[in-house]
Amino acid sequence: MDPRLEGEFIAVVNAGSSSIKLSMFSLHEDRRRGPLRLELRAQVEGLGTRPHFEARHADGSPAGSRDWPVSEGLSHEAALDHLVEFVRHEFPGIEMLGIGHRVVHGGTSFDAPLVVTPEVLRQLETLIPLAPLHQPHNLAPIRRAFSALPGLPQVACFDTAFHRGQSDVADAFALPYAMFEAGVRRYGFHGLSYEYIASRLPALSPRLADGRAVVLHLGNGASACAMQRGRSVASSMGFTALDGLPMGTRSGALDPGVLIYLMDEHRMDARELEALLYKESGLLGLSGVSSDMRQLLASDAPRARFAIDVFVHRVAREIGALAAEMGGLDGVVFTAGIGEHATEIRRRVMSRCLWLGLTGHDGANREGAPERRISAVDSRCEAWVIPTDEELMMARHTFRLLAGE
């Protein structure tokens with residue numbers, strides 16, 4: 001490893017449709033403690049609604065906050081500029097090693113993180129139709145950095161890459177084969193989250209790391225992944241990030257005949273269907289109350305309870321399907337916002353998995369360390385809560401590529 005990397009920083013950018021997150025990692029002097037140390041997490045959320053900026057140091061202490069009025073209409077570009085200026089103020093004179101970026105879609109060509117060149121950026125832009133609400137926002141900060149910071153290396157880390165080892169049989173839709181060859185296939189998403197969980201399992205549960213696990217990334221975006229020996233063999237998401245489980249505002253799996261019906265009978269066009277499926281469905285559409293599981297759990301509204309029931313039902317059904325894919329199940333892992341914090345959702349999902357040999361432990365499920373086993377000691381099938389860290393995963397990829405490791 002190049003000793004000149006000592007003391008330098010890596011920035012990680014995660015730009016989405018309504019938020020931009022920026023994390024700063026310094027390089028450890030003591031390599032035995034790991035090469036990367038988190039220094040700051042900052043984000044602007046609520047873009048398009050009520051923009052709010054918040055930054056915290058690694059220990060969780062506040063570093064800064066700000067709100068903008070709805071009337072100001074803060075753009076993604078302005079939000080990114082605010083984050084950059086804040087970081088420059090917090091870390092004056094630092095030397096940057098590079099920037100890691102979350103890119104939702106890598107298609108069939110990009111199956112591992114790589115340094116972005118103008119040609120790579122052009123290829124990634126051709127994938128925008130596969131992730132129209134995510135990919136443009138992922139690529140915008142890369143384009144800005146090319147202009148503002150010429151010569152600074154940038155690394156693209158793909159949400160689809162972790163799933164690229166799946167078989168063609170698992171990836172294929174039953175459409176004409178020419179469409180499969182043209183790229184109409186299952187890709188899977190949330191790969192950076194799943195990759196991080198796979199990196200933690202050997203230390204927490206060697207048995208599960210070497211066995212058959214269903215990892216549940218349950219948040220505003222939700223999906224499930226079947227992992228054997230730490231590798232993805234199947235996932236609930238498919239061609240786009242719409243498929244699979246119901247999400248905050250996304251529908252999840254849907255009979256394609258519904259779309260034909262809506263086009264014929266309701267005269268909906270492609271953009272109207274896009275808005276319906278991405279922004280008006282899921283927990284929000286079912287409940288009419290909120291897309292936030294915390295608000296639904298606190299609500300007495302019958303439709304809020306109905307939305308929760310549908311969500312639990314679909315999660316439990318997906319676990320069964322992925323267990324069948326692997327020929328059995330050794331454990332389940334809960335991660336992301338709902339998975340890490342919604343005790344009641346975990347309890348109800350585990351109660352639906354008794355037939356798989358999973359017996360939950362109520363005390364461990366209610367409280368304990370952030371990383372913990374929540375299944376009974378004598379449960380044949382394990383259950384764990386493991387907080388995910390996609391930003392750390394991206395920082396690791398960026399460091400390894402740029403340090404030549």
Practice problem: Output, in order, the C-alpha distance, side-chain angles, deciding distance and verdict of side-chain contact (heavy atoms from CB on, under 4.5 Å) for Arg164 and Phe162. | Solution: CA-CA 6 Å; Arg164 291 284 32 88; Phe162 185 68; over 6 Å; no
Is there a salt bridge (charged side-chain N to carboxylate O under 4.0 Å, His left out) between Arg229 and Asp210 once you walk through the steps? CA-CA 4 Å; Arg229 297 185 176 180; Asp210 198 42; 3.7 Å; yes
Decide salt bridge (charged side-chain N to carboxylate O under 4.0 Å, His left out) for Asp389 and Arg200; before the verdict, give the C-alpha distance in whole Å, the side-chain angles of both, and the deciding distance to 0.1 Å. CA-CA 10 Å; Asp389 197 334; Arg200 291 296 301 140; over 6 Å; no
For the pair Glu125 and Arg143, evaluate salt bridge (charged side-chain N to carboxylate O under 4.0 Å, His left out) and give the outcome as yes or no after the intermediate values. CA-CA 11 Å; Glu125 287 171 341; Arg143 201 175 296 110; 2.8 Å; yes
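The line from CD1 of Ile142 to CD1 of Ile99 is 9.0 Å long, rounded to the nearest 0.5 Å. Here CG of Asp243 is found 9.5 Å from CG of Leu254. Values are rounded to the nearest 0.5 Å. Between Leu322 atom CG and Arg212 atom CZ the span is 13.0 Å, to the nearest 0.5 Å. We find the OG1-CG distance between Thr359 and Asp378 to be 6.5 Å, quoted to the nearest 0.5 Å. Rounding to the nearest 0.5 Å gives a distance of 12.5 Å between CZ of Arg41 and CD of Glu54. One finds the CZ atom of Phe158 at 12.5 Å from the CD atom of Glu195 (value rounded to the nearest 0.5 Å).
Of all non-hydrogen atoms in Gly106 and Leu127, the two that sit nearest each other are C-CD1, 3.5 Å. Here the closest non-hydrogen pair linking Leu358 and Ser375 is CD1-CB, 3.9 Å. In plain terms, the two heavy atoms of Gly98 and Leu402 that are nearest each other are CA-CD1, 3.8 Å. Here the closest non-hydrogen pair linking His134 and Ala241 is CE1-CB, 4.4 Å. Of all the heavy atoms in Leu130 and Thr240, the pair that sits closest is O-CG2, 3.6 Å. Nearest heavy-atom pair across Ser199 and Pro202 is O-CD, 3.7 Å.
Heavy atoms from other residues, nucleotides or ligands lying under 6.0 Å from CZ of Phe306 number 12 at most. Counting heavy-atom neighbours within 6.0 Å of Asp300 CG, excluding the residue itself, gives a total of 12 or less. By the neighbour-count criterion of 12 heavy atoms within 6.0 Å, atom CZ of Arg66 is densely surrounded, having more than that number from other residues, nucleotides or ligands. Within 6.0 Å of CZ in Arg317 there are 12 or fewer heavy atoms belonging to other residues, nucleotides or ligands. Within 6.0 Å of NE2 on His266 lie more than 12 heavy atoms contributed by other residues, nucleotides or ligands.
Side-chain polar atoms of Thr335 and His217 form no donor-acceptor pair below 3.5 angstrom. A donor atom on one side chain and an acceptor atom on the other are not found under 3.5 Å apart for Ser235 and Tyr194. Donor-acceptor pairing under 3.5 Å is lacking for the side chains of Glu280 and Thr249. In this model, a donor atom of one side chain and an acceptor atom of the other lie less than 3.5 Å apart for Thr388 and Ser193. Arg347 and Asn365 share no donor-acceptor pair across their side chains, judged by distance under 3.5 Å alone. Using a 3.5 Å distance cut-off with no hydrogens or angles, the side chains of Glu39 and Ser26 do pair a donor with an acceptor. Counted by atom type alone, His52 and Gln43 present zero donor-acceptor pairs between their side chains at under 3.5 Å. Ser290 and Gln295 share a donor-acceptor pair across their side chains, judged by distance under 3.5 Å alone. Looking only at atom types and distance, the side chain of Ser109 has no donor-acceptor partner in the side chain of Gln123 under 3.5 Å away.
Less than 6.0 angstrom separates the ring centroid of His105 from the ring centroid of Phe189. Ring centers of Phe9 and Phe25: at least 6.0 Å apart, outside the cut-off.
We find that Arg271 and Asp269 are not joined by a salt bridge, their nearest charged nitrogen and carboxylate oxygen being 4.0 Å or further apart. Taking 4.0 Å as the cut-off between side-chain N and carboxylate O, Glu344 and Arg346 do not count as a salt-bridged pair. Using a 4.0 Å cut-off between charged side-chain N and carboxylate O, Glu85 and Arg88 make a salt bridge. Salt bridge status for Arg185 with Asp168: present, with a side-chain N to carboxylate O gap under 4.0 Å. Arg207 and Asp330 are joined by a salt bridge, as a carboxylate oxygen and a charged side-chain nitrogen come within less than 4.0 angstrom of each other. A salt bridge links Asp309 with Arg348; the closest basic N to acidic carboxylate O contact falls under 4.0 Å.
Relative orientation of the His76 and His137 rings is parallel, given thresholds of 30° and 60° on the angle between their planes.
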